[in-house]
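Only one structure is covered here, and it is reproduced in the block below.
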Amino acid sequence: MTSGADPAGAPAALRVVVVYPDLLGTYGDGGNGTVLARRAAWRGIPVELLLAPSDEPLPAGHLYCLGGGEDGPQVRAATLLSEDGGLARAVAGGAAVLGVCAGFQVLGRTYPDAHGRPLPGLGLLDVETRRSRRGRAVGEVVAEPAPGSPRLPPALGGGGLPTLTGFENHAGVTTLGTMARPLGRVSLGVGNGDGDGTEGAWQGRVVGSYLHGPLLARNTALADVLLGWALSAAVADGCVGDLRPLDDEEEADLRAERLRAAGHLARRPERWVRQVLGRPRGG
Amino acid sequence: MTGRHRGAGTTLGPRAAVGVAAVAAANRASRRLGRGSGTVAGGRIGLVLDPGLLGELGRSRRVALVTGTNGKTTTTRLLSAAVSPNGDVATNDTGANMPAGHLAALVARPDAPNAVLEVDEVYLGTVVEAVWPRVVVLLNLSRDQLDRTNEVRMLAARWRESLGRPPAGPVAPSVVANADDPLVVWAASGAVGPCTWVGAGQVWRQDAVGCPACGGRIRFGPGSAWACDSCGLERPPCAAWLEDGSLVRPDGSRLPVRLSIPGRFNQANAIMAAVAAPLLLADSADGASTPGVPTVEEALDRMALVDDVAGRFAVLDRHGAGVRLALAKNPAGWTAIFDLLEEERMTADGPAEGACHLVLSVNARVADGADTSWLWDVPFERLAGLPAVVATGERHRDLAVRLRYAGVEHVAVADPLAAVDAALARRGSTGGAGSARPVVSPTDARWPAVTVVANYTAFTALRSRW
């Protein structure tokens, strides 16, 4: 990974890498990198935010973010990441990863191309994704953290994650293998769509989810879980810092409003009709 | 006017005539009930009564279609002015840009020989098929309302497919396309009809890095050049381009683009319209010499007078202070507005005050897109250091969180009009750049005190409260 503390004395930085924003940057998920970097900087942790273009070797980092993207670019991203090999090496070295939507699918064992044919993913999550036959899942999602889902670092109380909120827009059905555990269970929306009500997956320090919003802006506790993992990897590289609570009043306000709105959405009859009919794509 | 272009009302069969009457009646009723401007309701009824009505009313005229992610409404307005300075043109100037809106616009002006129609990106193929346009103007494509429409590559593919099909009418439409947008170039380069390339610029390149033709990588530069590094798709040679505020042609001639509406992006819209106008009106290829057909220069002159495009950039009075309204619907649109504000802040005699004191308003209704994730693609970081950014609109909480992470000082005020008042009050208390200026005339567009940047329904909601 990175080469320890700077000999000049500056502490080594926690490196957040946004993977291929030119390919996996369609749905605003680059915001996850912004959220992580800011939340580290506000705590006085030296941090670098790297936007890694797809035509360069993937830089070494402690925390990688993969976002949503269109079908063609998704295939290209998966191929390049597989050839590069850097992401798998980083995970083996203790780095944390967040994949959203297309990025989540790419982290799994297989994912579908534009025609629905299965292609090999990176295999960092024990999940398989196929094309949904029920059209796209588009809309607000509320998910309760699944039992045994990741816990906050001890410095932040060590508690479990609160309710997850986000917006999904995908045509994938993701099935969890035995190694991967679900991140949450949907009370609104489709999530993994495999009939078991799960949303997202996690395994070791690798997290996948279908939620945009971006996910970490609407779920700052999950951002801090990832930062906790990344920080322990960065400390081994000479980074100095610790997590402390932040004043998240505006984020809490947004979360409360989204969960209230979701309550309304869940009661709207056409929502149920759409869920039963499988929600044909608009436009 | 030739017989081919006589007013549409004289060519209709009985079924179509009933449809036209129904559209007109529904529009009147809708207006009387105060339910909007009465364009979409009547159009819908007409299409139910006679699905072929749009074609019947459109094919008898010279029709130009304008589409793209950003600039549709403004370009449509500018092209209308260039084509028919006396207003003798059928156009959907209220922004109702799906077939029902097109039908209503054609019914409203039964005798207008020319029509300039703004078309939603998704509907281009449908409308081309129906009205047999002479000219299709392709502005740009970038991410917008991903939950409602489609990913941009899919839209480009649909355009390409539609324009590449053998024409339904007697001739394939002439295409005027932005050479600076690789997605547009790929879509237009498959067109059956002749294509005129215009270098209109593209503020947002993040959706065009992957080559639309082969999936390779598009390299930008030097200058305005771009090319795919695997398949050779590249910027085509242009018949006109925008350079330092002038329309420049390959022969070196320069025509200054002077508009009453601000911004480089509107100059870009103007040169697209200036190239399209002679193509629409000419009966032969060298149309500029035909009587009554404006030259590119004359088209630009006619557009200079356009000062109000559906209320955009209007400066409205609030307690004696000027409040300017700007519309921005997606990352490319917001980026273009930030460019304008930055330009104004750097110009000593410009409306610097109104470019510093901002109200940002965001909704997430169906017409806006329900997913607010796009806020994180907008470079709000560029507003860091400004005083008094006020976040408002139905999704002001999403905006406030975004501004927090962008390092932009802000307050959130839920009610948009109260937000405007808050910005005006903060401007007073902070003794901003313009505090020593005399009270301005409320309609003096040069000196707004506050600029409101809003997305679609946030814009119309605020506009309706004046």
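Heavy-atom basis, side chains included; hydrogens, waters and symmetry copies ignored. Chain identifiers are assigned alphabetically (A, B, ...) following the order of the sequence lines, protein sequences preceding nucleic acid strands; residue numbering begins at 1 within each chain.
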Exercise. Do the two ring centres, one from Tyr27(A) and one from Trp374(B), sit under 6.0 Å apart?
Worked result: no
Problem set entry | Interface residue of largest heavy-atom contact number with chain B, from Asp253(A), Asp22(A), Leu23(A), Asp55(A), under 4.5 Å | Asp55(A)
For this session: Hey, can you tell me if Trp42(A) and Tyr405(B) have their rings parallel, tilted or perpendicular (30° and 60° cut-offs)?
Result: tilted
Seminar exercise, completed: Bottom line for Asp29(A): the part with an atom under 4.5 Å from chain B's heavy atoms is neither
For this session: Evaluate whether atom CD of Glu409(B) has more than 12 neighbouring non-hydrogen atoms of other residues, nucleotides or ligands under 6.0 angstrom away.
Result: no
Exercise. Under the 6.0 Å and 45° cation-pi test, does Arg402(B) pair with Trp376(B)?
Worked result: yes
For this session: Name the region of Arg404(B), side chain, backbone, both or neither, that has any atom closer than 4.5 Å to a heavy atom of chain A.
Result: both
Exercise. Which of these, Arg39(A), Arg38(A), Arg255(A), sits in a salt bridge (Lys or Arg N to Asp or Glu O under 4.0 Å) with Asp248(A)?
Worked result: Arg39(A)
Seminar exercise, completed: Looking only at Ala208(B), Gly407(B), Ala412(B), the option with the highest number of non-hydrogen pairs under 4.5 Å against chain A is Gly407(B)
For this session: Look at Thr34(A), Leu215(A), Thr26(A) and state which one has the largest set of heavy-atom pairs under 4.5 Å with chain B.
Result: Thr26(A)
Exercise. Any idea which of Gly30(A), Gly25(A), Gly166(A) has the most non-hydrogen atom pairs under 4.5 angstrom with chain B?
Worked result: Gly25(A)
Exercise. Ring centroid separation for Phe380(B) and Phe338(B), is it under 6.0 angstrom?
Worked result: yes
Exercise. Given a strict heavy-atom distance threshold of 4.5 Å, which part of Arg395(B) is in contact with chain A: side chain, backbone, both, or neither?
Worked result: side chain
Exercise. When only pairs under 4.5 Å are counted, which of Gly72(A), Ala261(A), Gly31(A), Pro214(A) shares the most heavy-atom pairs with chain B?
Worked result: Pro214(A)
